[in-house]
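Heads up: the structure comes next, in structure tokens.
Chain letters run A, B, ... following the sequence lines, proteins first, then strands; residues in each count from 1. Hydrogens, waters and symmetry mates are skipped; everything else that's a heavy atom, side chains included, is used. The model shown is predicted, which means the values in this text are computed figures rather than measured ones.
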Amino acid sequence: MEFDFSPIFENWRYLRDGLLITISLSVLSIIAASILGGAIGLARVYGPRWLAGVLAFYVDSARSIPALVVLIWMYFAFPLMVGISLPPFWAAFIALSAYIAAYISEIVRGGVLSIRSGQTRAAKALGMSQNQTILKIILPQAVVRILPQYGNMLSITVKNSAICSVIAVPDYLQNSGIVAAQTYRPLEIYTVALIVYIAMILPLTRSTDWLYSRLSHLGRS
Amino acid sequence: MSRMDHQRNAIGKPPIVTYNNVEKCYGDFTALNGVTAEVNRGEVVCLIGPSGSGKSTLLRCTNALEQINGGEIIFDGAPLPKGENNVRLVRRRMGMVFQSFELFPHMTAIENINCAPVTVLGMPKREAEELSYSLLKKVGLVEKAHSYPSMLSGGQQQRIAIARALAMGPEVMLFDEPTSALDPETVGEVLSVMSDLAGEGMTMIVVTHEMSFARRVSDWIMVFDKGRVIEEGRPDNIFKHPTEGRTKEFLRHVGVEV
């Protein structure tokens with residue numbers, strides 16, 4: 001069997017553009033999912049009971065539906081409901097964010113609940129308000145504690161971004177597929193795709209683990 | 001009671017905390033079953049008694065970390081207010097030290113101390129830092145200013161925790177078994193900081209199992225059993241001539257010759 005990697009070099013600009021779409025979709029989704037997931041996690045711990053109930057329903061639903069189904073619903077069904085069609089990239093962004101946010105909210109909730117109640121008592125005894133206690137005392141410790149799981153979510157987000165190719169978002173996988181189809185070199189092109197995903201994700205998980213090993217003492221109350 | 005009240009009035013200081021028939025329940029368990037007692041300004045009052053007798057619960061009710069179910073607690077002439085915002089104004093005026101230190105692990109020693117003055121009182125950072133250094137000096141830990149709690153021994157952590165509480169300029173200090181979680185060799189350094197504080201006239205309510213500290217430093221002892229104050233008096237009276245059978249039993253149990 002002969003290998004021919006030249007299609008990759010010949011189409012590197014096209015593949016690079018796909019890579020940039022993958023990266024921007026992942027980065028935007030992880031930012032949105034972190035904000036949304038953080039808010040949901042905190043609201044479930046500290047919010048009123050009715051809100052916690054509604055959010056629990058959302059989280060349980062989002063975790064029960066495959067990411068691919070969320071994406072397809074968002075692209076093909078949601079526009080019929082609201083009467084505006086979404087560009088594929090933004091449909092993917094919303095679907096991925098909503099999906100990942102559910103998991104992040106659970107991580108945040110677990111992290112916050114793992115801080116022992118004595119810390120809250122100590123903050124209250126000093127006269128701090130609930131908001132000051134959450135922001136200055138609980139969250140900084142929780143953020144450190146959830147780092148390893150958060151690193152997991154980073155890698156899951158990047159990996160899951162690949163499903164956007166089913167609605168023809170020109171991401172790295174989609175563009176690889178097009179190059180493979182045109183050049184009849186799927187073996188080389190998809191093997192390189194494997195390596196590219198590893199190269200993107202490995203530094204993410206390694207660096208969050210490294211960060212955690214440096215910071216873990218800050219979360220040890 | 002009248003004999004002991006008479007002796008105590010001789011101290012002649014106004015009450016800062018008054019407990020009137022205070023009750024506290026956790027479900028079916030009655031933690032405080034009608035506590036009536038007084039703490040006067042400048043006094044060191046030690047609460048002693050068996051585990052689960054309500055001492056720590058009373059302390060937590062004093063700064064409203066726990067809500068009472070009956071009776072009232074009067075602080076500086078006014079009943080403890082209702083509502084979180086009003087309660088916070090009272091809590092600032094009381095310092096609390098916990099059995100498990102509860103230093104904030106993500107802050108250095110000095111950040112632990114100046115966090116509340118800056119956050120709660122809005123004290124300028126520089127002023128708060130000067131205050132923190134003077135308090136670090138007081139507890140003998142200036143050289144640990146920039147250490148994180150995880151790098152400090154138990155005794156050092158507890159001394160920082162005392163400094164943290166003092167930073168708010170409290171009118172009364174609540175100590176909840178401050179030495180119970182310490183290695184024996186570090187108990188002394190914490191007790192010595194507390195003795196110094198008592199010597200400066202700080203009002204202190206101390207839940208403790210350190211009988212020699214209670215005897216040496218306190219002005220007044222309250223003996224708890226099953227959610228009630230069963231006996232109170234000057235340390236000499238309590239330790240030498242306890243009147244209640246259960247007080248004698250408790251003292252014997254913790255190794256005090258009655």
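- Among A/Gly127, A/Pro140, A/Ala123, the residue making the largest number of heavy-atom pairs under 4.5 Å with chain B is A/Gly127.
- Looking at A/Leu215 and B/His106, their side chains never come closer than 4.5 Å, going by heavy atoms from C-beta outward.
- Annotation for A/Arg206: atom CZ does not count as buried by contact number, only 12 or fewer foreign heavy atoms lying within 6.0 Å.
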Checklist entry - Given the rule in the side-chain contact (heavy atoms from CB on, under 4.5 Å) test, do B/Glu84 and A/Lys124 qualify, once you have shown the distances and angles that lead to the verdict? => result CA-CA 10 Å; B/Glu84 192 64 17; A/Lys124 282 189 170 178; 3.8 Å; yes
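- For B/Arg91 (side chain) and A/Ala125 (main-chain N/O), no donor-acceptor pair under 3.5 Å exists by modelled atom type.
- Both the backbone and the side chain of B/Arg164 come within contact range of chain A, each with at least one heavy atom under 4.5 Å from a heavy atom of that chain.
- Summarising the geometry, atom CZ belonging to B/Phe104 is positioned 7.5 Å from atom OG1 belonging to A/Thr133; distances are rounded to the nearest 0.5 Å.
- Looking at B/Phe98, only its side chain comes within 4.5 Å of chain A, counting heavy atoms on both sides.
- Not a single donor-acceptor pair under 3.5 Å links the side chain of B/Glu102 to the backbone N or O of A/Arg121.
- The two residues A/Gly219 and B/Pro105 make their nearest non-hydrogen contact at C-CG, 4.3 Å.
- Between atom CD1 of residue A/Ile137 and atom OG1 of residue B/Thr119 there is a gap of 7.0 Å, rounded to the nearest 0.5 Å.
- For B/Ser150, the part sitting under 4.5 Å from any heavy atom of chain A is the side chain, from C-beta outward, and nothing else.
- Between A/Leu126 and B/Val120, the shortest heavy-atom distance links the atoms O-CG2, 3.8 Å.
- For B/Leu174, no part lies near chain A; criterion is any non-hydrogen pair under 4.5 Å.
- The 12-atom threshold is exceeded at OH of B/Tyr26, counting heavy atoms of other residues, nucleotides or ligands nearer than 6.0 Å.
- With chain A as partner, the option from B/Met94, B/Arg60, B/Gln99, B/Met107 having the largest number of non-hydrogen pairs under 4.5 angstrom is B/Arg60.
- Within the 4.5 angstrom heavy-atom criterion, only side-chain atoms of B/Met168, from C-beta onward, approach chain A.
- Neither the backbone nor the side chain of B/Met151 comes within less than 4.5 Å of any heavy atom of chain A.
- Within 6.0 Å of atom CZ in A/Arg214, 12 or fewer heavy atoms from other residues, nucleotides or ligands are found, so the atom counts as exposed in its surroundings.
- With a 4.5 Å cut-off on non-hydrogen atoms, A/Gln119 touches chain B through its backbone and its side chain both.
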